[in-house]
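Here is the structure we will look at.
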There are 2 protein chains.
Amino acid sequence: MTTVSLKPAFAAPPVPADQLGSIGVRMAFAAGEEIYAQDEEADMIYRVVSGAIRTSRLLSDGRRQIGDFYYNGDFVGLEAGPVHRYSAEALGPCEILVIRKSALKLYGEEGIRIERMIWAETARELQRTQEHLMLLGRKSACEKVASFLLGMAGRFRGEVAELPMGRQDMADYLGLTIETVSRMVTQLQVDGLVRFVDNRRFEVRNQPGLAQLVEA
Amino acid sequence: MTTVSLKPAFAAPPVPADQLGSIGVRMAFAAGEEIYAQDEEADMIYRVVSGAIRTSRLLSDGRRQIGDFYYNGDFVGLEAGPVHRYSAEALGPCEILVIRKSALKLYGEEGIRIERMIWAETARELQRTQEHLMLLGRKSACEKVASFLLGMAGRFRGEVAELPMGRQDMADYLGLTIETVSRMVTQLQVDGLVRFVDNRRFEVRNQPGLAQLVEA
DNA sequence: CGTTTCATTGAGTGCGATCAAGCCGTGTGG
DNA sequence: CCACACGGCTTGATCGCACTCAATGAAACG
């Protein structure tokens, strides 16, 4: 199973998905399929069981910003005020646990526990978003790509890392164009910092060098 | 009193500060004074009682990103994992209510209520940060400045809006330089969209025009 | 084998950064 | 009251990074 083989490679999820017990409904999505829409009202939260997800937001002229990418164990849709400001789509085939927030109250002690887990994840999500802010506001194209690759590589312990998204998604996450992402990837390879096996698989060749580009 | 005269102009805080009862300690800060430091361990959360705050993060080479600006009623420092990734400083003289998170448990029912308030604010904060992401990643300098001014003007009902921060803070919030901010402000004035009374006070002259630049 | 989709590479442009004056309000001391 | 200095902001000239437009290359698919 894909899910099982990928699991050990990802950063340890705070709580295994199975601890959610019987709460929520498992749903399958195909590549590119929308999980929820921008401006959609939202009482649901979502947890990745297998596969990968992106959240994204469109301006009316087509410019797109990706909020973040999510992998198994991650919660998605936490930010929800009255409506979702970002939509969520499957990067590839994936399974999602859908939980109705208002239903948690019905589950007593178990519901409370999950609610706390959600709050903790919301704070973590805020931290990650703040990191993303610094990246978008104050880093060069090269630093952006280096940060992204280093972060992705961190999910795979020294092995070849696999990108679940294409160049356009990377570009829209980093606030760049695909051409610039491509050029930076090439440059990082020429400099011997990373090596791409193919378009979506790479390994870090010079960890300290990469880390220096990312700095603090 | 400055605080009192400003209060009605700000967006209604979800809960008035006085409902926090006796929990927490009121502290005064001078302009520019640090409320908490980047990488500082943090069990505290903070609430603005009067004045304005900024959160900011520095890279080792001096580049700075401002996370957000906070006004009375706003909670600051919610994101805290083990340490603060951003520091917080007073924009001008201000009063801050400092609350020890771990102490909330001692306050029984009242503590729980405040804890819930904090969680709700965290989700709101996440939403605002996501809005900020889109601004940094996909908007032009002109759109950035227009968005910022429109947002600030929204706190003042049609009257002359007052900026509690200087151009450098605006620039570091928007991911621009002071020169570019200055040029965009000039251009927006030439285009008749806003009018600056002085460096820190302005009014919106063409709301629809501005809103169009900001769009969705 | 052609078609389609996605990534790379190249050439040229432009937006925002950088470097450098100049301006203006404010405060300070003579 | 004026001269001066200082900090914050604006304006100008130039530069360079990342975008745009365009062509090519390389997989994936029917």
Side-chain angles (χ1 to χ4, degrees), chain A residues 30-32 54 59 61-66 89 91-93 135-149 152 162-191 194-202 213, chain B residues 31-32 54 59 61-66 89 91-92 135-149 152 162-191 194-202 213:
Chain A
R54 66 162 182 257
L59 292 179
D61 63 357
R63 282 176 287 180
R64 189 177 69 149
Q65 178 64 49
I66 287 190
E89 301 97 28
L91 282 172
L135 180 132
L136 288 175
R138 288 303 183 205
K139 291 196 176 177
S140 69
C142 184
E143 291 169 327
K144 284 176 176 180
V145 173
S147 299
F148 182 76
L149 293 181
M152 284 305 295
E162 189 153 350
L163 300 171
M165 74 294 288
R167 293 290 186 271
Q168 186 64 63
D169 283 337
M170 287 175 55
D172 288 343
Y173 177 82
L174 299 172
L176 300 171
T177 60
I178 42 173
E179 293 95 329
T180 298
V181 171
S182 188
R183 277 182 245 275
M184 296 302 124
V185 164
T186 300
Q187 190 194 310
L188 290 174
Q189 279 192 101
V190 170
D191 297 347
V194 299
R195 191 177 71 86
F196 272 71
V197 179
D198 61 38
N199 281 338
R200 295 198 173 207
R201 286 146 42 80
F202 73 98
L213 269 180
Chain B
R54 67 162 182 257
L59 292 179
D61 62 357
R63 281 176 287 179
R64 189 177 69 151
Q65 177 64 49
I66 287 189
E89 300 96 30
L91 282 171
L135 179 131
L136 288 175
R138 289 302 183 206
K139 291 196 176 174
S140 69
C142 185
E143 290 169 328
K144 285 176 175 179
V145 173
S147 299
F148 181 77
L149 293 180
M152 284 303 298
E162 189 154 348
L163 300 171
M165 74 294 289
R167 294 291 187 269
Q168 186 63 62
D169 283 337
M170 288 176 57
D172 289 342
Y173 177 81
L174 300 173
L176 299 171
T177 60
I178 43 175
E179 293 95 329
T180 299
V181 170
S182 188
R183 277 182 246 273
M184 295 303 125
V185 164
T186 301
Q187 190 195 311
L188 290 174
Q189 279 190 101
V190 170
D191 297 347
V194 299
R195 192 176 70 86
F196 271 72
V197 178
D198 61 37
N199 282 339
R200 297 199 172 205
R201 286 146 42 82
F202 73 98
L213 269 181

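In what follows, chains carry the letters A, B, and so on, assigned in the order in which the sequence lines appear, proteins first and then strands, with residues in each chain numbered from 1.
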Of the candidate nucleotides D:dG12, C:dT8, D:dC9, which contains the atom at the shortest distance from the side chain of B:R200? D:dC9
Taking all non-hydrogen atoms of both residues into account, name the closest pair between A:Q65 and B:G137 and its distance. OE1-CA, 3.3 Å
For the residue pair A:L136 and A:G175, what are the closest heavy atoms and their distance? CD2-N, 3.7 Å
Closer than 4.0 Å, any side-chain N/O of A:T186 to the OP1 or OP2 of C:dT8? no
When you match A:I178 and B:G175 each to their closest nucleotide on DNA chain C, which lands nearer the 5' end? A:I178
Separation of B:M184 atom CE from D:dT10 atom P, in whole Å? 12 Å
Please check the phosphate of D:dC17 (OP1 and OP2 only) for any side-chain N or O of A:S140 closer than 4.0 Å. no
Quick note, A:S182 side chain, CB onward, closest among D:dA18, D:dC21, C:dA7 is C:dA7
Has the side chain of A:R183 got a donor or acceptor that lies under 3.5 Å from a partner of the other kind on the base of D:dT20? yes
B:E143 CD to C:dG16 C1': how many Å, rounded? 14 Å
Quick test of your reading of the model: are A:D169 and A:R64 salt-bridged, counting only N-O distances below 4.0 Å? yes
Tell me the interatomic distance from A:L176, atom CG, to D:dT20, atom P, rounded to whole angstroms. 11 Å
Taking C:dT18, C:dG16, D:dT10 as options, the one with an atom nearest any side-chain atom of B:R167 is D:dT10
Atom CG of A:L174 and atom C1' of D:dC19: how far apart are they, to the nearest Å? 15 Å
Are any side-chain N or O atoms of B:R200 and backbone N or O atoms of B:E162, one a donor and one an acceptor, separated by less than 3.5 Å? no
Taken to the nearest whole Å, CD/B:E179 to P/D:dG7 is 17 Å
Ignoring backbone atoms, establish whether B:T177 has a side-chain N or O less than 4.0 Å from OP1 or OP2 of C:dG16. no
With a 4.0 Å cut-off, would you call B:R63 and B:D172 a salt bridge? no
Nearest-Å distance, CG (B:N199) to P (D:dG7)? 16 Å
In whole angstroms, the gap separating P of D:dG8 from CZ of B:F196 amounts to 17 Å
What is the distance from CG of A:L91 to P of C:dC6, rounded to the nearest Å? 13 Å
